[in-house]
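I have placed the structure first, in the form of structure tokens, so that the comments after it can refer back to it.
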Amino acid sequence: MGKNADFMSENTERTIGKDAQRNNILAAKLVAEVVKTTLGPKGMDKMLVSPLNEITVTNDGVTILSEMQIEHPAAKMMVEIAKTQEKEVGDGTTTSVMIAGKLLENAEKLLDRKIHPTVIVKGYRIAQRKAHEILDEVSLKIAPDNYEILKEIAMTAMTGKGAEEEREKFSEILINAVKIVSEGGKVDTEDIKIEKVVGEGIKDTELVKGIIIGKEKISNDMPKNILNAKILLIDFPLEIKSPEIETKISISSHSELQNFLDEEEKSIKNMIQKIVLTGANVVFCQKGIDDFAKYLLSKSEIYACRRVAKSDMDKISKATGGRIISNLNEISAEGMGETEEVEEIKESGEKMTYLKGCKNPKSITILIHGGTTHVVDEIERALLDGLLDIISSLETGLVVPGGGAIEMEIAKRLRDFGRTLKGREQLAIEEYANSLEFIPVTLAENAGIDPIDVLTELKLKHDMGELNAGLNLFTNKVENVLNSRILEPSKIKSQAIDSATDVATMILRIDDVILSKPSKRGSMNNAGSMPDYMDSLV
Ligand code: ADP
Ligand code: MG
């Protein structure tokens, strides 16, 4: 370990051969171990505390891994696949990380039997291709307007999350939202605005027509509601010295100071006058609005919000047809947004701004209620899982039975296929099949059911041709889960197969880790020793 070539600097550490491989595999396995207990409806949550003491309580694989301060290079690669899965599908992050971890763990067994990594990699790649074929064969085609099935898919996605109790209602909200915004079977998630408010219970979560933003008007003197709103969207500050830029002025006399202040006032007056002249009665500003500008706006009976998030500005723009203006000279009556009404509302004691009767009738907001910020954040993650699963299913029109059924069927057919091959790759294909079975095993384990019994029963049923046999965690029985309507988008599985195989084979190919440390004080963990965070896990 730690053998350095002469040409390498002192700050470089090198681990080669078996050591590097085993160490990387161990790191990857530990990452999978971390998320394992959260899998499925009976999975547990994790509480994450950031260095700044911010708390997140979640069941979501990618959230857990992103918040952990992981530094080991191979472990980081595992985190990346969770992120890829999240980006491509939006759900199935735990599944993909767990399969990758298991592929590596099982590869280790083969390495122990002196099977060369390149043979394992080749076998895994063959298995990956075959798994896709099988997935295509067994996926079920659904019609794009089969909202009953889409609702079941959203329900499965939200089972076991903070949203579980209300999953029926939430699924309906999601389906209604999708119905409103979908165009030719396509849904842009950007079109569904999610706003969170702390207070009342999660059952008060609702789908609202129009746009709600979590901003109140900046002055009590401004009107509470505006009918026939003419909306200006501004992304520069309505103040003289923008806080982003520090300026220094040197003033030597009292009159100079007065002059300077007068100039400042004049320029703000100018700005506001330009706004008033357009006939606007609502202003959303992405930056700050200073006190003097605020005073002038209220005097002109204009409703104004400041520091509106960029994402909200974009949504308001789309909903109202208004253009976002980034230069004072561009202010004009043209390009203003329009809605029937803009109103300040109070939700659970929080003041918000509600844009009703938007020009674009597809503008909608899901308003999440919940007791604490941690609750509403976790509900948002669950709703997004449900929403993205609906969208993935719509996109491909393909769904598969959950509860481990699809993994069992792919494993079974992979084994049958492996037996037809010659050579040592066959062993890798067998291990690939074993890795997929880790999903139903963990679903059972997390629910406190004997995993061996479940696996045996599942194997038996699949061998007898019951391809939809899975573990139903509502009844705790192995049964036809298609009939029990435990459904998932096929895309979750195809992406998980790809991301897990990619990372596993990549890690397997590495036999040399060369780590350059940033400095002597650098805290990077080297590949030859375990990162700190892992000490607590082993
Ligand atoms: P991921 O991050 O991989 O999506 P989840 O915690 O969301 O992880 O768990 C998903 C797994 O839970 C899938 O394998 C899915 O089939 C399974 N699952 C969901 N609902 C049920 C249920 N009622 N019974 C059994 N398994 C279920
Ligand atoms: Mg999920």
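Computation of the quantities below employed the complete heavy-atom set of this structure, encompassing side-chain atoms and omitting hydrogens, waters and symmetry-equivalent molecules. Just follow the structure's listing: the first ligand is 1, and inside any ligand the first atom is 1.
Residues Glu378 and Thr63 have side chains not in contact (no heavy-atom distance under 4.5 Å, counting atoms from C-beta outward). Inter-residue side-chain proximity for Ile366 and Ile364 is flagged as unmet; no heavy-atom pair is nearer than 4.5 Å. Looking at Glu479 and Ser484, their side chains come closer than 4.5 Å, going by heavy atoms from C-beta outward. Looking at Val503 and Glu80, their side chains never come closer than 4.5 Å, going by heavy atoms from C-beta outward.
By the 4.0 Å heavy-atom criterion, Pro41 is counted among the residues contacting ligand 1.
With a 4.0 Å cut-off on non-hydrogen atoms, Ile486 touches ligand 1 through its side chain and not its backbone. Under 4.0 Å from ligand 1, the heavy atoms of Leu471 that appear belong solely to its backbone.
Of the protein's non-hydrogen atoms, Leu473 N, 2.9 Å is the one closest to atom 24 (N) of ligand 1. The closest protein non-hydrogen atom to atom 19 (C) of ligand 1 is Thr156 CG2, 3.4 Å. Atom 26 (N) of ligand 1 has as its closest protein heavy atom Gly403 CA, 3.4 Å. The protein non-hydrogen atom at the shortest distance from atom 4 (O) of ligand 1 is Asp91 OD1, 2.8 Å.
The only member of Met352, Lys196, Lys193 that meets side chain to side chain contact (heavy atoms under 4.5 Å, CB included) when paired with Leu367 is Met352. Screening Arg167, Glu164, Lys42 against Thr159 for a side chain to side chain donor-acceptor pair (under 3.5 Å) leaves a single residue, Arg167.
Using a cut-off of 4.0 Å between Lys/Arg side-chain N and Asp/Glu carboxylate O, Glu137 and Arg413 are scored as salt-bridged.
Atom CD of Glu165 sits in a sparse spot, with 12 or fewer heavy atoms from other residues, nucleotides or ligands closer than 6.0 Å. Sparse packing is recorded around CZ of Arg509, with 12 or fewer heavy atoms of other residues, nucleotides or ligands lying under 6.0 Å away. Heavy-atom neighbours of Lys186 NZ from other residues, nucleotides or ligands within 6.0 Å: at or below the threshold of 12. Within 6.0 Å of NZ on Lys109 lie more than 12 heavy atoms contributed by other residues, nucleotides or ligands.
Atoms of ligand 1 lying under 4.0 Å from at least one heavy atom of Gly402, given by number and element, are 16 (O). Below 4.0 Å from some heavy atom of Thr95 lie the following atoms of ligand 1, by number and element: 1 (P), 3 (O). Per-residue contacts place Leu39 under 4.0 angstrom from the following atoms of ligand 1 (heavy atoms of the residue considered): 3 (O), 6 (O), 8 (O), 9 (O). Each of the atoms 23 (N) of ligand 1 lies under 4.0 Å from some heavy atom of Phe474. Of all the atoms in ligand 1, the ones that sit under 4.0 Å from a non-hydrogen atom of Thr94 are 1 (P), 2 (O), 3 (O), 8 (O). Proximity to Glu488 (heavy-atom distance under 4.0 Å) selects the following atoms of ligand 1: 13 (C), 14 (O), 15 (C), 16 (O). Numbered from 1 in the order shown, with element, the atoms of ligand 1 that lie under 4.0 Å from a heavy atom of Asn59 read 6 (O). Taking a cut-off of under 4.0 Å to the non-hydrogen atoms of Thr38, the atoms of ligand 1 that pass are 6 (O).
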Applying side chain to side chain contact (heavy atoms under 4.5 Å, CB included), run through Tyr432 and Ile126 and close with a yes or a no. CA-CA 10 Å; Tyr432 198 102; Ile126 297 173; over 6 Å; no
Apply salt bridge (charged side-chain N to carboxylate O under 4.0 Å, His left out) to the pair Arg381 and Asp385, showing each step before the final yes or no. CA-CA 6 Å; Arg381 284 187 284 269; Asp385 279 355; over 6 Å; no
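Panel detail: the Mg ion (ligand 2) has protein N, O or S atoms under 2.8 Å away, 1 in number.
The two residues Ser494 and His132 have their closest heavy-atom pair at O-CE1, 3.4 Å.
Between Lys161 and ligand 1, at least one N/O pair is under 3.5 Å apart. Checking only distances, Gly92 does come within under 3.5 Å of ligand 1, N or O to N or O.
Annotation: ring-ring contact (aromatic ring centres under 6.0 Å, His included) contacts of Phe438 (sequence neighbours excluded): none.
The option from Gly43, Ala157, Gly40 that lies nearest to atom 6 (O) of ligand 1, judged by heavy atoms, is Gly40.
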